[in-house]
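Lettering follows sequence order; numbering is per chain, from 1. In this text, all values refer to a predicted model and were calculated from it rather than measured experimentally.
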Amino acid sequence: MKNDLQWIYTDLNEEQRKAVCHIDGPVLILAGAGSGKTRVLTYRIAHILSEKKAAPYQILAMTFTNKAAAEMRERIQKLIPEMLAGMWIGTFHSLFARLLRREGEKIGYNSNFSIYDVDDQLTLIKIIMGDLKLSIQNLSPKMISYKISAAKNAMISPQQLTEQAGNPVDEVAAKVYIEYEKRLIVLNAMDFDDLLIKPIHLFQQYPDVKENYQNKFNYLLVDEYQDTNRAQYEVLHLLAEKRKNICVVGDDDQSIYRWRGADVRNILEFEADYPNCAKFRLEQNYRSTQNILSAAHSVIKNNIKRHAKKLWTDRPVGETVTLMTVFDEREEARYVVNQIGIEFRKADRRFYDFAVLYRTNAQSRVLEDSLRADGIPYVIVGGVKFYERKEVKDVLAYLKVLVNPADTISLKRIINYPLRGIGDVTVNKLQTFAQENNKTLFKTLSKASSVPGIQEPTAKRVTSFYKLLKKYRSLRKELSPAEIASSLIEETGILKQFKEDTSVESQTRAENIRELLVAIVDFSHSTSGTTLEEFLQHVSLTTDIDSWDDKKNAVTLMTLHAAKGLEFPVVFITGLEDGLFPLSRMSDDPFALEEERRLFYVGATRAKDKLYLTWAKNRRKFSENPAQVKSRFLNELDTRFIESVMSKSVKSHQIRRPQLFDNPNSMPDYENESQEYKEYHVGMRVKHQLFGKGVILKIDNRYGVKLLVLFDTVGEKRLVLPYAKLEIL
DNA sequence: TCCCACTTTCTTTTT
DNA sequence: GAAAGTGGGA
């Protein structure tokens, strides 16, 4: 430990120091972007420990991402290396998962419960909807799943949802919800939301357990408090109830997870919840230039629902923010790559100094193409996540079953993978038998020959599959997770089937499976644990951003959401078009629109020295390429901090109106055509130059205009309006 | 039971 | 522009 707490005085500003030194009681720290909030949190922990207010194991520090937790650990390690062990620092989900592994028995779970991701959840919901004979045609399982998750995050029980259900969709959701909760218990599985809710149930049902933890955790610290949802709020409240030593840090301007149930009111009303709380405001920004800060502020100040505040910096004014207008997304990508080259030479930068941000993951593709073409190294954070790839999930399903045989969802995933002649019909027979005899599917596998309707050869295949699982289950104690996994992959022939196929797809799948094995080995060597159970939990609760390596010399591509908490010398925010950012369906809902604006603010304040904003006049979506209107956020920007530029092709385009389809590279100008779309309606008779006469059956306006037309001679055809030259009859 | 070809759907953002 | 779902034939 550094001597005499000198560091508290030398490393912190006045307000930070106050926040660090006020140890007891509830504390609210409103920390603006780049104001050193992680520093305050870590110094606070160090201070508590050095004042001997608590032992390390009495401290509970919660973040949203593993990355943030890891950073906190690292910084504490530097301040007081000997005190780190035993501290509960981690994400909400991982810390509560840990707690539930210990205490879950009390509420009907085994300590080896599975954690279901969105994909598993959806599978389960589809099964339930099938069993309840609910039509998937009218109500998408996704919608139901979303409703259930929203209810859970808002702490609404199945019974309450049933009572409140005001429309048919909610009624169905409530029905499924009831069954869903029952089945999760039987499967010995929890979804992400359960990890937050179950501790609450536990504490409510077992006051002695609650008290245990209240006593244990002397000091609570919560990062990104503005993004907590109702369940998180509640569980924190229960834990802090007794001692009220809770310190939350957050910024209402950076609340961007409302769609996942986050409730800004949690931070706005903290003072009301904890009446005698101390409040500190960190408003000095150490990150960005004045121009960047002023530009960001000129946009965020348009939000009505916010604490009025203004960050300041003593950093130089810096370069103006560049606003670039380009013709389409390909030109946007080329521009970004070009500027990276220019900045690179101009300011002696490294590739890791650059971040390219976008609203949706789909936008990364074009950017990747351009970067690759110029040989610039890049990393993508997010997108299709490694552990969510089909082949990876298949292998993981094997491991999950080994750990938790009650996990029928995972079992069904692998029962015929790789193909071993156990089809749907057989599985259904087995399941019916299992239900009738009140056994798990796993147990029933061993008795396949006594299940009515299953032929001898099929029963043999089933029992040999059972023996396979049984064998590996008993090997768990003797072999390491990596040995089990690689032996399993070998014996089942999962890798072999990909190796035999020479297609690129199979090769990457094989590659991914090998990568998974490497990940298991790596994990075994890490400090976090060595058992299969621990590995599976790690996988379930790890995201892409957590494995992002900021030291790797590559340009970073990621969504604005993923960028929260990070900083880069040069930042590009791309795709600033109305409908994309802000996303179109957000524009009607004022709350959602404000959230989009906060997202813009988060993005802009990631930049230290230089910020680029780009928008394209045309952007390809699916197969269409509609004209775009610039984002309303760009209109809100104070022009004093901005320099507007236009690409050559945009300039020339303003003079020369393009002919429709005159060459393949020039896209048709739709601006006046959008009016015409409205002239079509269902039932109208039309004529197509190829298909002849027909009648319009359906008009789909969601992503560009698509028509379903029944032609007199060729039957039904799907048409995309700008390209289908239709004549109205 | 399996395989292939065709159709449909999805696109916000994530622990 | 992929990935899951559907349906018919072997």
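Within the nucleic acid shown, A/Asp193 has no heavy atom closer than 4.0 Å to any nucleic acid atom. Using a 4.0 Å heavy-atom criterion, one finds that A/Phe192 contacts the bases of the nucleic acid, with or without backbone contacts as well. Among the heavy atoms of the strands lying under 4.0 Å from A/Tyr257 are primed sugar atoms or P, OP1, OP2 only; no base atom is included. If you check every strand for non-hydrogen atoms under 4.0 Å, A/Val425 touches sugar and phosphate atoms only. Backbone-only contact: A/Thr426 has heavy atoms under 4.0 Å from sugar-phosphate atoms and none from a base.
Of the candidates B/dT14, B/dC3, B/dT11, the closest approach to any side-chain atom of A/Leu419 belongs to B/dC3. Out of B/dT11, B/dT13, C/dG1, the shortest distance to the side chain of A/Arg365 is found at C/dG1.
Residue A/Lys142 places at least one side-chain N or O under 4.0 Å from the OP1 or OP2 atom of B/dT11. In this structure, A/Asn361 does not reach the B/dT11 phosphate: none of its side-chain N or O atoms is under 4.0 Å from OP1 or OP2. Between A/Thr65 and B/dT14 there is no side-chain polar atom (N or O) within less than 4.0 angstrom of OP1 or OP2. OP1 or OP2 of C/dG5 lies within a sub-4.0 Å distance of a side-chain N or O belonging to A/Lys126.
The CG atom of A/Asp263 sits 8.5 Å away from the CG atom of A/Asn229 when rounded to the nearest 0.5 Å.
Regarding A/Leu560, its CG atom lies at a distance of 11 Å from the P atom of B/dT13, rounded to whole Å. With rounding to whole Å, A/Leu583 atom CG is found 12 Å from B/dT11 atom P. We find that CG of A/Leu122 is positioned 15 Å from P of B/dT9, with the value rounded to whole Å. Across the protein-nucleic acid pair, A/Glu596 atom CD and B/dT13 atom P stand 11 Å apart, rounded to whole Å. Rounded to whole Å, the distance from OH on A/Tyr358 to P on B/dT13 is 10 Å. Atom CG in A/Leu195 sits about 19 Å away from atom P in B/dT14, given to the nearest Å. If you take CZ of A/Phe92 and C1' of B/dT14, they are 14 Å apart, rounded to a whole angstrom. Rounded to whole Å, the distance from CE on A/Met143 to P on B/dT11 is 11 Å.
In summary, A/Lys564 and A/Glu224 engage in a salt bridge, as defined by a charged side-chain N under 4.0 Å from a carboxylate O. The pair A/Arg598-A/Glu595 meets the salt-bridge criterion, since a charged nitrogen lies less than 4.0 angstrom from a carboxylate oxygen. With respect to the salt-bridge test (charged N to carboxylate O, under 4.0 angstrom), the residues A/Glu596 and A/Arg359 qualify. Checked for salt-bridge contact, A/Lys393 and A/Asp120 meet the test: a charged N lies under 4.0 Å from a carboxylate O.
Centre separation under 5.5 Å together with a plane angle under 30° holds for the ring of A/Trp259 and the six-membered base ring of B/dT13, marking them as stacked.
A donor-acceptor pair shorter than 3.5 Å cannot be found between the side chains of A/Asn303 and A/Tyr601. Donor-acceptor pairing under 3.5 Å is lacking for the side chains of A/Ser540 and A/Gln537.
When each of A/Ile256 and A/Gly423 is assigned the nucleotide of DNA chain B with its nearest heavy atom, A/Gly423 is the one assigned upstream, toward the 5' end. Residue order along DNA chain B, read from the 5' end via each residue's closest nucleotide, puts A/Asp424 first among A/Asp424 and A/His561.
In DNA chain C, runs of at least 3 stacked Watson-Crick or G-U pairs (N1-N3 plus N6-O4 or O6-N4, or N1-O2 plus O6-N3, all under 3.5 Å) give these stems: B:1-10 with C:1-10.
Both tests pass for A/Lys390 against the ring of A/Tyr417: distance under 6.0 Å to the centre and angle within 45° of the axis.
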